[in-house]
Each structure stands twice: as C-alpha cells, then as structure tokens.
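Here the structure is laid out as structure tokens; the discussion comes afterwards.
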Amino acid sequence: LVAVASFLACNHIKDHIYAQEGLPTSQCACNTQETNKTAGISSLTVPQSVGCNWNSNWDLRGDNQKDEEKKSKGVSHQIILIRHGQYEFGDSDEKRVLTDLGRQQANRTGERLLELHNSGKIHPIKYVYYSPLARATETHSTISLHLPKTILKHNVQPCSMIREGAVCVPCPIHPTWRPTDEMVAKDGARVEAAFINHMHRADKTEDADYSTVLVCHGNVIRYFVMRALQLPTNAWLRTSVANSSITIINVSPSGNVSLQCMGESGHLLAHQITFN
C-alpha cells in the first residue's frame, strides 16, 4: 500500500508540473476509479504543501544575531521527559503510590538513564525536576539512586507546575473523560507556564551541551511534545506514553526542535510495559 501511494503521489506531482508547463499529462493511476478498486483504494487524496510556518523564536529567547559562526558555537539543550511508573488507584494523592511493578519500572528507567548518560547518548544531565504528586516523586526517588551524585547534590528540586492535569480539551473528544472548563483553564495555564519555564534553548550562561530531566505525567509530556513541535496542542490525546517511558526533545541554538524519541519503553521487559 505504501508503494502504491508513493507511485500515485509521484505521478500526481509530475502531472501538476506538466500542466503548469503546458505539457500533456500522463494517465496517472489515481485518475481511474478502476485502478483504485484494483489497488483496494476507494479514494486517494494527496496532501498538498502548505509551506513552512515554523516560528523560530517560539521560546522568546531568539535574537537577531546573524553570525553563523557564533551560532555554530552555541550549546544545545536537551529535555528528557520521564513518565511515572504504574501506580495504585485511590481517592487521594497519598494513596496513589507506585505498585510493585511500578517500582520495577522506575528502577529499570534509572538504569537506562545512567546507561544513556555514561555512553554519551544524551547530553550530560545538569538539572532534574519532579512533580510533587506521590507517584512521580516516588519514581524520581527510585531513578535518583542511579544518577551521578554530583547532579543530585545541587540541581534537583520539585516543580508543582508539572503536576498532572487537563492540559487542554482534546480533539477528538474522549468518550468518557470530560474535564470541566474550570479544570482546563486552571491546569492548562499551569502546564503552559511549565512549558515556558522548562522547554527552551540553552541559557546563555551555559557553555556546554546539557540536559534537563523532568519526572512527570502522561498528559504533561504529550502536551509538551505537541507544543514543542508546533503541532496542534489539542492532538495530544492521539498519542500515548508508557509508564516509566523516556521522551527526549532536542532544542538547538537556532531554536530548531527535534523529537529524538517519544514514550520509549524498550528498556522494559514486555510484561513491564503498562499505560496506567
């Protein structure tokens, strides 16, 4: 199906160019209903280019410096988002602690983070922030057992802005989860503030590439990803991230953003992968 779609797309683009030049167009397969039926395709719409609407000053930290040599010597900021482990359901935060499996997940994620750190696969970890909710705090405590002591000594602190919440009304609407307007207004503003504070290009005081680790929640992580990539934020619920999974976003000195991985859970055994 991918091959068929690629072939049809190429012919569609070629015919468009030929038409502009006044040349005869080919008999493209996507122009015949019979061919579509043969390929098992009832209809095919080839996406059209909409141009580039990227805002390079999305974090409000850009300047008008055009010196490419200076840009090339800039440092990169890597944001590592870790979702808490599986937790017990309860009617209060104190009861929503990690399950035995959740602690296993968090322990393995701590080991994985150290592996990535020591192998140079991620930038050196300089800052760690964690949600004060019980499940995230416990996940952080377990992960911290594996992190270099130099990090834990100075640059670790809780951050109430990255608590879980109704980040924004999703599209399409969830069949059972319906947050109130008040919830969305309060939580959305808080999580947006967290994004502004934590997701940005490197501080000008930094002289080497570094990473910031955020131990937080699924909704927050998915909102951050949509927001950082400048995609519709209401699409966040179309994605998912596993418990104790790792999401990595790179922000270059120019303000360009790349998603290195999202919800990565390959370090967990198959039976350890959960989403609650």
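Residues take their numbers from the sequence shown, with the count starting at 1.
Without hydrogens or angle criteria, Ser131 side chain to Ala136 main chain gives no donor-acceptor distance under 3.5 Å. A distance-only check finds no donor-acceptor pair linking the side chain of Glu88 to the backbone of Leu98 [under 3.5 Å]. Within the 3.5 Å criterion, the main-chain N or O of Met226 finds no donor-acceptor partner in the side chain of Thr233. Under the 3.5 Å distance criterion, the side-chain polar atoms of Arg108 are left unmatched by any main-chain donor or acceptor of Leu268. Using a distance-only test at 3.5 Å, with no hydrogens or angles considered, a donor-acceptor pair links the side chain of Asn155 to the main chain of Lys126. Gln105 places a side-chain N or O within donor-acceptor distance of the main-chain N or O of Gln272, the cut-off being under 3.5 Å. Looking only at distances, no side-chain donor or acceptor of Asp203 sits under 3.5 Å from a matching main-chain atom of Thr205. No donor-acceptor pair under 3.5 Å is formed between the side chain of Asn234 and the backbone N or O of Cys171. A donor-acceptor pair under 3.5 Å is absent between the side-chain atoms of Trp58 and the main chain of Ala228, judged by distance alone. At distances below 3.5 Å, not a single donor-acceptor pair connects side-chain atoms of Ser245 with backbone N or O atoms of Val241.
The distance from the CG atom of Leu229 to the OG atom of Ser258 is 8.5 Å, given to the nearest 0.5 Å. To the nearest 0.5 Å, atoms NZ (Lys186) and CD (Glu182) are separated by 4.0 Å. Separating the OG atom in Ser76 from the OH atom in Tyr210 is a distance of 10.0 Å, to the nearest 0.5 Å. Atom OG of residue Ser244 and atom CD1 of residue Ile273 lie 11.0 Å apart, to the nearest 0.5 angstrom. Note that the CD1 atom of Ile248 and the CD1 atom of Ile79 stand 10.5 Å from one another [nearest 0.5 Å]. In this structure, the separation between CG on Leu145 and NE2 on His140 is 9.5 Å, given to the nearest 0.5 Å.
Checked by atom type, the side-chain pair Tyr223/Glu192 shows a donor-acceptor distance below 3.5 Å. Looking only at atom types and distance, the side chain of His123 has no donor-acceptor partner in the side chain of Asn250 under 3.5 Å away. Gln86 and Thr99 are linked by a side-chain donor-acceptor pair at a separation below 3.5 angstrom, with hydrogens and angles left out of the test. Checked by atom type, the side-chain pair Thr274/Asn243 shows a donor-acceptor distance below 3.5 Å.
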Run the side-chain contact (heavy atoms from CB on, under 4.5 Å) test on Ile125 and Leu113 for me, step by step, so that the C-alpha distance in whole Å, both residues' side-chain angles and the decisive distance to 0.1 Å come before the verdict. CA-CA 10 Å; Ile125 299 172; Leu113 199 59; 4.0 Å; yes
Derivation and outcome, salt bridge (charged side-chain N to carboxylate O under 4.0 Å, His left out), residues Arg103 and Glu138: CA-CA 8 Å; Arg103 286 186 283 274; Glu138 190 176 356; 3.3 Å; yes
Audit row: His267, Thr109, side chain to side chain donor-acceptor pair (under 3.5 Å) steps and yes/no: CA-CA 7 Å; His267 55 285; Thr109 298; 3.0 Å; yes
Go through Thr137 and His84 one step at a time and tell me if the side-chain contact (heavy atoms from CB on, under 4.5 Å) criterion holds. CA-CA 8 Å; Thr137 298; His84 58 77; over 6 Å; no
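Ionic pairing of Arg96 and Asp93 is not present here: no N-O contact between side-chain nitrogen and carboxylate oxygen is shorter than 4.0 angstrom. By the 4.0 Å N-to-carboxylate-O rule, Arg201 lies too far from Glu206 to be salt-bridged with it. With respect to the salt-bridge test (charged N to carboxylate O, under 4.0 angstrom), the residues Glu264 and Arg112 do not qualify. Taking the charged nitrogens against the carboxylate oxygens, Asp187 and Arg163 have no contact shorter than 4.0 Å, which rules out a salt bridge. Taking a cutoff of 4.0 Å between a charged side-chain nitrogen and a carboxylate oxygen, Arg135 and Glu164 do not qualify as a salt bridge.
Among pairs with a residue in residues 169-191, those fulfilling ring pair (Phe, Tyr, Trp, His ring centres under 6.0 Å) read Trp177-Trp236, at least two apart in sequence or across chains.
When side chains are defined from C-beta on, Thr239 does not count as touching Val225, because their heavy atoms never get closer than 4.5 Å. Within the 4.5 Å cutoff, the side chain of Val75 has no heavy atoms near those of the Asp207 side chain. Taking the side chain as every heavy atom from C-beta outward, Val213 and Tyr127 never approach each other to under 4.5 Å. Here the side chains of Met262 and Arg222 are in contact, with some heavy-atom distance below 4.5 Å. Contact check for His217 versus Leu133: side-chain heavy atoms found under the 4.5 Å cut-off. Annotation: side chain of Met161 is in contact with side chain of Asn197 (closest heavy-atom distance under 4.5 Å).
Put simply, Ile221 and Val251 are part of the same group of oily side chains (I, L, V, M, F, W, Y) that touch within less than 4.5 Å, one to the next. In this structure, Leu147 is a member of the same hydrophobic cluster as Ile122, with clusters built from ILVMFWY side-chain heavy atoms closer than 4.5 Å. Leu259 is connected to Phe195 through a chain of hydrophobic side-chain contacts under 4.5 Å among Ile, Leu, Val, Met, Phe, Trp and Tyr, so both are in one cluster. Under the 4.5 Å side-chain heavy-atom criterion for Ile, Leu, Val, Met, Phe, Trp and Tyr, Trp54 and Ile249 are members of the same hydrophobic cluster. The hydrophobic cluster containing Tyr130 also contains Ile80, counting ILVMFWY residues as joined when their side-chain heavy atoms lie under 4.5 angstrom apart, directly or transitively.
Nearest heavy atoms, Pro132 versus Cys159: CD-O, 3.4 Å. When all heavy atoms of Arg83 and Phe275 are compared, the pair lying nearest together is NH1-O, 3.3 Å. Across all their heavy atoms, Val215 and Ile162 have their closest contact at O-CD1, 3.9 Å. When all heavy atoms are compared, the tightest approach of Val97 to Ala134 is CG1-CB, 4.5 Å. The two residues Ile246 and Cys261 make their nearest non-hydrogen contact at O-SG, 3.6 Å. Residues Gly85 and Thr139 approach most closely at N-OG1, 3.0 Å, considering heavy atoms.
Heavy atoms of other residues, nucleotides or ligands lying less than 6.0 angstrom from CG of Asp181 number 12 at most.
Using the six-membered ring where Trp is involved, His198 and Tyr129 have ring planes that are tilted, between 30° and 60° apart. The aromatic rings of His200 and His77 are tilted relative to each other, their planes meeting at an angle between 30° and 60°.
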